[in-house]
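Structure first, then comments.
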There are 2 protein chains.
Amino acid sequence: MSEDLLTMKKQTAEGRDENGQRVSAGDRQASLIAAAASLFAAKGFNGTTTKEIAKAVGVSEALVFKYFPTKRTLYAAILAEKVTVNELLDVVEAAVTKRDDHRVFTMIASYRIRPGADSTFLRLLLFSALEGHELSELFFGKHHKVFYDYLAAYIRTRIDDGAFRSVDPLLAARAFIGMVVHHRLLHEIFGVPMHQSHETTVATYVDLFLAGLIRMPIGRKSSSRRLR
Amino acid sequence: MSEDLLTMKKQTAEGRDENGQRVSAGDRQASLIAAAASLFAAKGFNGTTTKEIAKAVGVSEALVFKYFPTKRTLYAAILAEKVTVNELLDVVEAAVTKRDDHRVFTMIASYRIRPGADSTFLRLLLFSALEGHELSELFFGKHHKVFYDYLAAYIRTRIDDGAFRSVDPLLAARAFIGMVVHHRLLHEIFGVPMHQSHETTVATYVDLFLAGLIRMPIGRKSSSRRLR
DNA sequence: TCATGGTAAGTAAGTCTTCACTCACCTAAA
DNA sequence: TTTAGGTGAGTGAAGACTTACTTACCATGA
């Protein structure tokens, strides 16, 4: 009996936190979501096993199913969790009211290029779109669409101001975000080496794009906007 | 025994072409590659089973393994098959020597937007990159890198001509192709509805981008390039 | 200050299914 | 009669999900 307890202690030490304490349901769910997110991002939904997820968290596979009745449920929980963008919009607000084009575009571009940190996010988004999960639409709609619409709205007001040429605002917004996202894609997904810093890249893109958008007063020399 | 033969007759009618003839190894391989390509594109490598592939072609699963010893071999065969871009470059050549910027950019953009036809291609490329197949690098290098390098080279000569502003050519090339590819991505992968025709979109993108790139002579009114 | 019992956290060891891949065999045609 | 296209019926491994069970924690009343 006493030796039984001893071996027990050693075995059951797995499903505990660093202090050997049992973990609350909420915390456990959170850590499962986090682990699953990075695994799904790395290997896709079909490429990841529930066993792996359990192992990453250091618990038994059975526990995963206690909190999430199916693998898909877990996936859904991840997507639901990731839907929070609004921070950005507040930050940009000031630049928007000041009509500081350069700053608005730079901030939007930089937000998405935030290096490393959320590279899992892009992968997750792509995977869910490719694998065609029902949730990916919601995911995209709630998280990404915001950017396009926001930027498009800004471009529209600038056109009304007479500052930008008259282009389809949504198309222009997509074009700009496309440049930036594509750059991330090349780097983070395809592993293309980049020889410039993120800042330089963003600066170049913003500069190029605004140069194409801004309605120049007659006689202004475009080369005054020469890069670097 | 006799009834055994009867059922046999009916079952073996499967692995034949429309004339009831047996199919040559080459043709069979080709049809397997085609079927596998569209399945992998739709559901990813891990999401597709060899049984499905066999069924799509109308043969037994065993036959798949007769031609392709492993599932990965089949995958490799698809990627190897898809590596052929050079057609485009010949077509663009004329526009390049004429320094017809508008046409060069439009052709490159249009090639990739070629509607429908090769939507499987984009998916396949993304899937293989995400799932991290060793082959995806080769795939990307042989098929896609060409575009970036080609366009970058063109931009470089135009800068030397004094026609374009001095920008990092590769970055600019990526930016342009990024706009276009991203547009396809939104449409074909994320299912975002597009309210413009492909032509209009490409025209807008080319126009926007060139406006940002072209070094305008003093006094030229940019609004003369107004869209639509 | 304890037992003590209800409950929530946790597990080992399955079950059932599917999947990549094999094997022994068949048969049309050259 | 050989050979190349073709098959049904497996096999072992792995994966999603269950089941029956074991703790640890904590509130409650004696």
Side-chain angles (χ1 to χ4, degrees), chain A residues 1-32 36 39-40 43-76, chain B residues 1-32 36 39-40 43-77 131:
Chain A
M1 180 87 185
S2 64
E3 59 193 34
D4 237 305
L5 269 174
L6 242 133
T7 47
M8 254 322 157
K9 278 286 172 216
K10 227 173 175 196
Q11 286 177 341
T12 51
E14 302 266 330
R16 306 301 156 85
D17 70 359
E18 55 285 355
N19 305 322
Q21 299 272 272
R22 277 169 59 175
V23 173
S24 77
D27 290 354
R28 194 54 96 195
Q29 265 167 314
S31 62
L32 280 169
L39 282 168
F40 285 151
K43 326 195 322 172
F45 182 78
N46 289 315
T48 305
T49 71
T50 49
K51 202 175 213 161
E52 280 175 312
I53 296 168
K55 193 175 177 186
V57 175
V59 298
S60 68
E61 199 181 352
L63 195 64
V64 175
F65 287 95
K66 187 153 245 164
Y67 291 119
F68 303 97
T70 68
K71 192 183 170 189
R72 282 195 91 81
T73 313
L74 175 52
Y75 191 80
Chain B
M1 182 83 184
S2 64
E3 59 194 33
D4 239 305
L5 270 174
L6 241 134
T7 46
M8 252 323 158
K9 279 286 171 212
K10 231 182 173 183
Q11 286 176 341
T12 50
E14 301 267 328
R16 306 302 157 86
D17 70 359
E18 55 284 354
N19 305 323
Q21 298 274 269
R22 278 167 60 171
V23 173
S24 78
D27 290 355
R28 195 54 98 195
Q29 265 168 314
S31 62
L32 281 169
L39 281 168
F40 285 151
K43 326 195 318 175
F45 182 78
N46 289 316
T48 305
T49 71
T50 49
K51 200 176 214 160
E52 282 174 311
I53 297 168
K55 193 175 175 187
V57 175
V59 299
S60 69
E61 199 181 351
L63 195 63
V64 175
F65 286 94
K66 187 151 246 166
Y67 291 119
F68 303 96
T70 68
K71 192 182 170 189
R72 282 195 89 82
T73 313
L74 176 52
Y75 190 81
E131 290 180 327

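Heavy atoms only: backbone and side chains are in, while hydrogens, waters and symmetry mates are out.
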Would you kindly give the [atom1]-to-[atom2] distance between [X] and [N], to the nearest whole Å?
X        : N       : atom1 : atom2 : answer
Leu63(A) : dT22(D) : CG    : P     : 18 Å
Lys66(B) : dG5(D)  : NZ    : P     : 8 Å
Gln29(B) : dG6(D)  : CD    : P     : 11 Å
Leu32(A) : dA9(C)  : CG    : C1'   : 12 Å

Query raised in the report: Only one of Val59(B), Val23(B), Val57(B) clears side chain to side chain contact (heavy atoms under 4.5 Å, CB included) with Ser31(B); which?
Result: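 Answer to the side chain to side chain contact (heavy atoms under 4.5 Å, CB included) test with Ser31(B) among Val59(B), Val23(B), Val57(B): Val57(B).
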
Can you pull every protein N or O that's under 3.5 Å from an N or O on nucleotides 4-8 of chain C?
from	atom 1	to	atom 2	distance (Å)
dA8(C)	N3	Arg22(A)	NH2	2.9

Query raised in the report: Can you give one letter per nucleotide of nucleotides 10-17 of chain D, going 5' to 3': B for a protein heavy atom under 4.0 Å from the base, S for sugar-phosphate only, - for none?
Result: -----SBB

Distance-only check: which donor-acceptor pairs under 3.5 Å involve side-chain atoms of residues 63-71 of chain A, not counting sequence neighbours?
from	atom 1	to	atom 2	distance (Å)
Thr70(A)	OG1	Arg72(A)	N	3.4
Thr70(A)	OG1	Thr73(A)	N	3.1
Thr70(A)	OG1	Thr73(A)	OG1	2.6
Lys71(A)	NZ	Phe45(A)	O	2.9
Lys71(A)	NZ	Thr48(A)	O	2.7

Query raised in the report: Taking atom CZ of Phe40(B) and atom CD of Glu52(B), what is their separation to the nearest 0.5 Å?
Result: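 Rounded to the nearest 0.5 Å, the CZ-CD separation comes out at 9.5 Å.
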
Report task. With rounding to the nearest 0.5 Å, note down the distance linking CG in Leu39(A) to CG in Leu32(A). Result ->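 Going from the CG atom of Leu39(A) to the CG atom of Leu32(A) covers 11.0 Å.
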
Requested in this report: Taking only the side-chain nitrogens and oxygens of Arg28(B), find out if one of them lies under 4.0 Å from OP1 or OP2 of dA4(D).
Outcome: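 Arg28(B) to dA4(D) OP1/OP2: no side-chain N or O under 4.0 Å.
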
Report task. Could you tell me which residues satisfy side chain to side chain contact (heavy atoms under 4.5 Å, CB included) with Ala30(A), sequence neighbours excluded, listed by chain and number? Result ->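 Partners of Ala30(A) under the side chain to side chain contact (heavy atoms under 4.5 Å, CB included) test: none.
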
Query - Residue list, side chain to side chain contact (heavy atoms under 4.5 Å, CB included) with Lys51(A), at least two apart or on another chain - result: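 Scan of Lys51(A) (side chain to side chain contact (heavy atoms under 4.5 Å, CB included), adjacent residues dropped) gives Thr49(A), Glu61(A).
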
Query raised in the report: With a 4.5 Å heavy-atom cut-off, do Asn46(A) and Lys43(B) have their side chains touching?
Result: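 Of all side-chain heavy-atom pairs linking Lys43(B) with Asn46(A), none is under 4.5 Å.
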
Query raised in the report: Taking a pair as Watson-Crick (N1 to N3 plus N6-O4 or O6-N4) or G-U wobble (N1-O2 and O6-N3), both under 3.5 Å, which stems of 3 or more consecutive pairs involve DNA chain C?
Result: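 Ordered by first number, the stems with DNA chain C (at least 3 consecutive pairs each) read C:1-30 with D:1-30.
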
